[in-house]
Amino acid sequence: MNTPKNSEQTMMNVRAELESFPSPVQANFDRARDALTGRLADDKLDDWAQLGLLISKRTVRSWEAGAELFNASPMVQRQLPAGQFISWVKIGDQLCTASPSLAVAYFRASPAAIQRLRPRYISDWAQSCRALYRGTWKSSALACKLFEATPDLLESLSFDELRRFSEFLEEVSHRSYDMSGDALEKGGELFPKLGRDAGAFIGLSNTVAKNSWRHVQPMFEAAQFSLVEMPREQRSSFISLVNRLSTQEGIDPAKVMRDGARAIGGVGHEWRDTLIDLTHRIAAEGSAEASSAFLTTGPRVLERVTFPQMVEWHSRGMQLMAENEGASEAYFKNESSYSHEVLDALSSSVELDRVREIIRMYCRMLAGQEIEVQAAQQLVDKNIGWFQGELPTTEGTTIYLPKVINRHPSKDRNFAFYKVISTHQTGHIEFGSFRFSFERPSTMFTDLRSQLATSNGSALEAIPSEIEEKPEPETAASTNGAVENPEPDGHASIPMSRFFDLFPDRKLGNDVFTIFESTRVDSNVMDAYRGLAVSFKSVQDDALGSRPDMTELPAREALVEFMIRISLGQSTDLVAPKRHMEVARKLRRLIRLMQRDYALVEDAAEATIRACAWLTEVRNEELNEDEFEDLDDDEEDDEQDGDGEDEQDLQGMIQAFIESMQPGEGVGEDENAEEPEDIEEGDDQDYSSPQEVDYRGEFKPELSQLLSQAQMQMMEGGEFGEDETGEMTPLTQEQLQEMMKNSADIDIQEGQDGEEMSPELAEMLENLLKEMQRRDPQAQSQPSGPMQHVDEEGGPLTPSAPDQYVYDEWDFRANEYRPRWCMVHEKEMSSGDVSFYRDTLIERASLLTTIKKQFELVMPEMYRKQKRLEDGEELDFDPMLEAVIDLRVGSTPDEKIYWRRNKTERSVAVAFLLDMSASTAEAIEEAKRPNDDWGAPDDPVEYMVWLRSRRTEGLRKSYKRIVDVEKEGVVLLINALETLGDDYGIYGFSGYGRENVEFYVIKDLDEKFTEEIPRRIDRIAPLHATRMGPSIRHATQKLANQDSRSRFLFLISDGRPQDRGYSREGVEKEYAVHDTRMALMEARREGIVPFCLTVDKQGHDYLKVMMDDFNYEVLPDVSLLPQRLLMLYKRLTT
Amino acid sequence: MATEQMYNQTIIEEYVLSDEPYYLPLADEIEIFEAAYHQRVPVLLKGPTGTGKTRFVEHMSWRLGEQLTVAKPSPKVDASSNGHPVSLPLVTVACHEDLTASDLIGRYLLDRDGTRWQDGPLTRAVKSGGICYLDEVVEARKDTTVIIHPLTDHRRTLTIDKLGLVIDAAEGFLLVVSYNPGYQNAVKDLKHSTRQRFVALEFDFPDEEHEATIIAHEADCDEENAGLLAALGGKIRNLREHGLEEGASTRVLIYAAKLINEGISPRRACQVAVTWGITDDAQVQRSIDEVVSSIFP
């Protein structure tokens, strides 16, 4: 259509017409035309020129738009196809019709904006901006401003976001152009800082603009600080939170933003998401008001409580909200008294986890033996006879305490309560509750135990069985069977059991014994720890305050309660049943006797016999309140000598006791009761145990003694394999079963048929057996027969490849080596990724610097001044003086008179042996489950399955495993060791069975540190079992070949040695322990210093044997490993 | 010059104990030491810090001196003491890692007129026939052990190569060394050729009763506090190797008792004298403080 000629003509015409405008128009046109010619088809060029002219001519001021168009054209054209370029101009024309200044702004912004805008959005963009223009000067200014800002905005916004932003601006502009303009400006500054969250913020702005436009400006201001400084991870969820709240009436988003930012910034990064989540939940279920209040109060609440406690506070608030929404607002504002109450309780509560280590060391100091501290629930979970997760208790080696104490409004008092209960429980250990011996005489009584045991043997036989398990009538048959078919020594192998066997009513016996023994322990504790007396007394008083009303109890129970009250120190206002005043007095005297400092556990036992004899004579009948009477507090009781009276009463006592065992006596529901005064037999109640004294907790003497039997044997017997001493012999399963049935410790309903054990009891029995086996290596050998170390078949092994090595293994039973018994496969660790190494170095950077600093302190010692040299840096003053003296004296002076700074020979070689057994896959937070290691099945196939299941269990977990901590330690170690220049080797070991001990070389002793090493570290992973012996021997071999002056072997493990055929259930575990010990001794014979670092908290008991006079350390906290490892290394080698 | 002061000729004669140093025997150590001394068998004292090793040597030097004084009065009686028994000369050398052989034997010194030979403490003890006590002997340099070898066997001689002399030890001379076999110094250990020249006496913390007596005597405090402090000491020692490298020594308990005597509250006294002294670990400190507050009202 257009010929070049025509085009030329058009151009000339347009140019001519443009001359009527101010000069820049034409100048710009010329420049643009030159640039566009050739790049644009002629017809398009014509269109462009025409349109430009048109625009310029539209109104008086539109020449400016034309000038801008021409100015921008070359740049825009370069970015757009011809057609779109023309539409771009046309859009400008339309704008110009509305307002030339819009077109000016449009053209001016275009070159930069179009760079960031898809061509198809150009028109939308113009529309969006134009929408702000409503014919007024102010609106035009705003629209222009948006045009201008577009290029910058598009840096951080998508076009869609931009459009929504302009919608927002429009919404606001209905109210105020200034405000809108202000928002535009602030947005421009804000969006780049918000990054990806800018879109979310625009959404929020829209919400706010719609709901409460007045808040827009403050919100933008608040966002400048609060949102920008908020951690990026939480920002978007926080914005959506604010958005959610802003839809509600009366919410000031600026305030929410500020408060929220402060709250979120104030908590540790691990809690931030939770915090937002909590706020969301309030908003979801209740009012936004409450939610925003929560954000405001949060930091203040956190000043008083920890975050998890705040979560608790929050959940109480949510409960409240469900009941009464209005109240929750005040709650979350922390303006309600309930909120204060909850906070007080939370903030003053003491959690076991936070004080466990302190209490553990405290108890250890008091008891003088290794004591663990655990949550009581853990013992209950074992299901071996303890049931109360909230009560403190002990089984002789571990103190179990409630998870949290919040009885008092102050932290100190709550901690004091922890202290009192742990002192009491430790007291049982310290003052020998579990060292009860059947034979040891008591100090204040004539001993009736043995007399009863012998003289009443027949009496015992004669007792109808239903008496024995009186509280549960159904037990008759089962107990019957047991009595008819007793093992001669039966369950009597535990002194405690023998003792309780004396009692027809074991439950009563146990209750009474508990009272006496606790009294004795309390009094011993008060005596030894007078500093504790105040808190102890107040705890006792509290306990007294919560005792049941005696007058509501039937007679016998009332008397038992009476004893408890005395033992808790109540001396006034005591009542006792009128009819049994004399018994009450006698009981009181017994309690007082227990409070003497020379009372022994055997005294408590003798007192129990007496008290039970008296108590069984008391019928457990309901009493009216008026049948109680004040007890005179005649203190002369105390003055009387107990022994004298006992002597007189002795025969009567035995008689009474025997009688008490006669049928019908003291047994409420028994129908053939013969007592003459037993008229209203229907009134008699079953005897039930008294309510526990909270601070004394559950006391299970029989079970505890049973469980501590194993340990006591180990301690007293010294060596394994020696015959166990005295009256304690290992129990067979039948005996244990028998004991469990009879035990008053275990109060469980038995099966109806009586013949078989109820499933609960059976399960408990099984658990208990396991627990005992875990504790007692001796018991292991019982089922599998003596002296036979059950192992795989086969004899000595022969290596068939150069990287295989065979080693002997020590069989402690046979007291000789099994020749060539284990095969070690030495493999180089494959290489993995280097990122673990790098990440660790970054993560632990601060630790690394401190460690390096400390290791550098070793350096000056290495670069020590070397004196007395023939040649050196400078004259050494002392030898020089000596030389001068020598010259004066006339003798030949020593020529070595120089010193030099010299690197002294630090000749250290060290091998690190890392445990790569499956158990290292355990997460470090998780409580160790020692049982697991011994749950390994015998069958090889099952064993592998078991191992694999444990492995995958570990793999699934994303959190840190023990092996990761080991690896971290190695990484840090390598860095430190490279500083020192010591020779070091790092090896990992694992394996499966004796012929398959895997020995992984991560860095060999004489290998230089290369890029490869970090990659190998990455591959350290939990594999199979732990056969320590051969690995130690192999490492010893390697070290022995080094000619360093000092050589060390560091064993880093997470538990006992354990492997198939090395230690399993049913096989003596100490085989492994002994072999390991022997391997360590071999190392020492080679002049190598072994050191064992373990993270197994149970470590002390077997390490004591395994490491005996070697050095070892048990880490209380796995995460300390890297740090501790380096410290130990430094200390051992310098 | 500092060294000249240190090796002042009068030291050995001056360092005699005219009052009996308090020592409470726990077993037969006194008889053993006496027997060893009579047979001139060198003695090695092992044990943790603050268990009375040094005090024991002082006590023995006094005790043996007294016996000697009674047996043959003239040589050992100090002129000023008028026949009052005095101790054997006791030369104590605290060994440190830079202690060299010449620090023990002696060296030439320069003075105005030229050179002068100065005997070292060991030489003095050898000449004067007293007890030479090398405290923490493992700390000393290895070359020192070579010197003590001929002194500790049948030869009983000291070779001074600089002077070209061999000195026979005087009649009353005895070498006593001490060391603390803590597990931290795997590198520093006595060589067997050295340790097998001594009879070894093991020292450990006394039992509660004895310790209470010691505390009461040393700090001159009342028996109740002494008893409680002794109990505390026992409890803290239960933590040895389970958080503490060494337990509270009797010495720190005595310090606590002395502070209590001055009117400091027992809990506070224990905190500053015991808890803070033996560990820097905050948790261990806290748990020891808890024991303190349990024991002391």
Side-chain angles (χ1 to χ4, degrees), chain A residues 355-371 415-416 418-420 422-423 430 525 528-536 861 867-868 878 881-882 884-891 908 1045-1046 1048 1089-1091 1100 1109-1114 1116-1117 1128 1131-1134, chain B residues 1 3 97-98 100 102-103 107-111 113-117 162-164 181-189 224 227-228 231-245 247-248 266-267 270 279 281-297:
Chain A
V355 295
R356 185 202 307 269
E357 220 16 50
I358 292 165
I359 294 182
R360 190 183 68 82
M361 284 189 279
Y362 172 81
C363 294
R364 209 205 125 73
M365 283 192 263
L366 296 198
Q369 68 178 62
E370 187 53 39
I371 289 199
F415 181 76
Y418 258 136
K419 206 170 149 183
V420 166
S422 37
T423 310
E430 188 183 0
V525 165
Y529 306 111
R530 270 171 277 172
L532 204 57
V534 178
S535 349
F536 214 103
E861 290 164 37
K867 294 182 178 179
R868 293 177 193 274
D878 287 350
L881 205 58
E882 276 168 38
V884 173
I885 294 164
D886 283 344
L887 281 172
R888 291 263 188 109
V889 173
S891 62
V908 174
R1045 196 161 49 90
S1046 357
F1048 299 88
V1089 181
F1091 190 95
H1100 280 298
D1109 49 349
F1110 297 105
N1111 301 316
Y1112 69 92
E1113 187 163 304
V1114 176
D1117 180 359
L1128 278 169
R1131 195 198 301 158
L1132 274 171
T1133 59
T1134 52
Chain B
M1 205 187 231
T3 36
E97 51 194 8
D98 278 334
T100 61
S102 35
D103 288 335
R107 53 165 53 97
Y108 276 110
L109 300 175
L110 274 180
D111 67 9
D113 311 319
T115 56
R116 179 167 60 80
W117 174 258
K162 289 258 178 67
L163 297 176
Y183 84 97
Q184 54 270 57
N185 39 20
V187 181
K188 282 174 182 166
D189 204 354
E224 188 191 337
L228 293 177
L232 174 67
K235 299 292 177 202
I236 293 176
R237 280 165 212 148
N238 287 333
L239 216 56
R240 258 202 280 181
E241 315 234 322
H242 293 272
L244 284 180
E245 280 158 33
R267 286 185 181 186
C270 289
T279 179
D281 183 317
Q283 276 205 329
V284 181
Q285 283 183 350
R286 171 89 194 271
S287 49
I288 293 175
D289 277 346
E290 292 303 335
V291 175
V292 169
S293 66
S294 281
I295 290 179
F296 288 95

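Letters go in sequence order (proteins before strands), and every chain restarts at 1. The shown structure was predicted, so the numbers you read here are calculated from the model rather than taken from an experiment.
Taking both residues in full, the closest heavy atoms of B:Ser287 and A:Met361 are given as OG-CB, 3.4 Å, listed atom of the first, atom of the second, then distance. Closest approach of B:Arg107 and A:Glu882 over heavy atoms only: NE-OE2, 4.4 Å.
Looking at B:Arg237, neither its backbone nor its side chain comes within 4.5 Å of chain A, counting heavy atoms on both sides. Proximity to chain B is limited to the side chain of A:Phe415, based on heavy atoms less than 4.5 angstrom apart. Contacts between B:Ile288 and chain A at a heavy-atom distance below 4.5 Å involve backbone atoms as well as side-chain atoms.
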Please step through side-chain contact (heavy atoms from CB on, under 4.5 Å) for the pair A:Arg530 and B:Glu224, ending with a clear verdict. CA-CA 12 Å; A:Arg530 270 171 277 172; B:Glu224 188 191 337; 2.9 Å; yes
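In this structure A:Arg888 satisfies the salt bridge (Lys or Arg N to Asp or Glu O under 4.0 Å) test with no other residue, sequence neighbours excluded.
Taking A:Ile885, A:Leu532, A:Ile359 one by one and counting their heavy-atom pairs under 4.5 Å with chain B, the maximum is reached by A:Ile885. Per-residue heavy-atom pair counts under 4.5 Å with chain A were compared for B:Ser294, B:Ala231, B:Gly234, and the maximum is reached by B:Ser294.
With contacts defined as side-chain heavy-atom distances shorter than 4.5 Å, the pair B:Lys235/A:Arg364 does not qualify. Using a 4.5 Å cut-off on side-chain heavy atoms (C-beta onward), A:Gln369 and B:Asn238 make no contact.
Neither side chain, A:Tyr529 nor B:Ser293, offers a donor N or O lying under 3.5 Å from an acceptor on the other.
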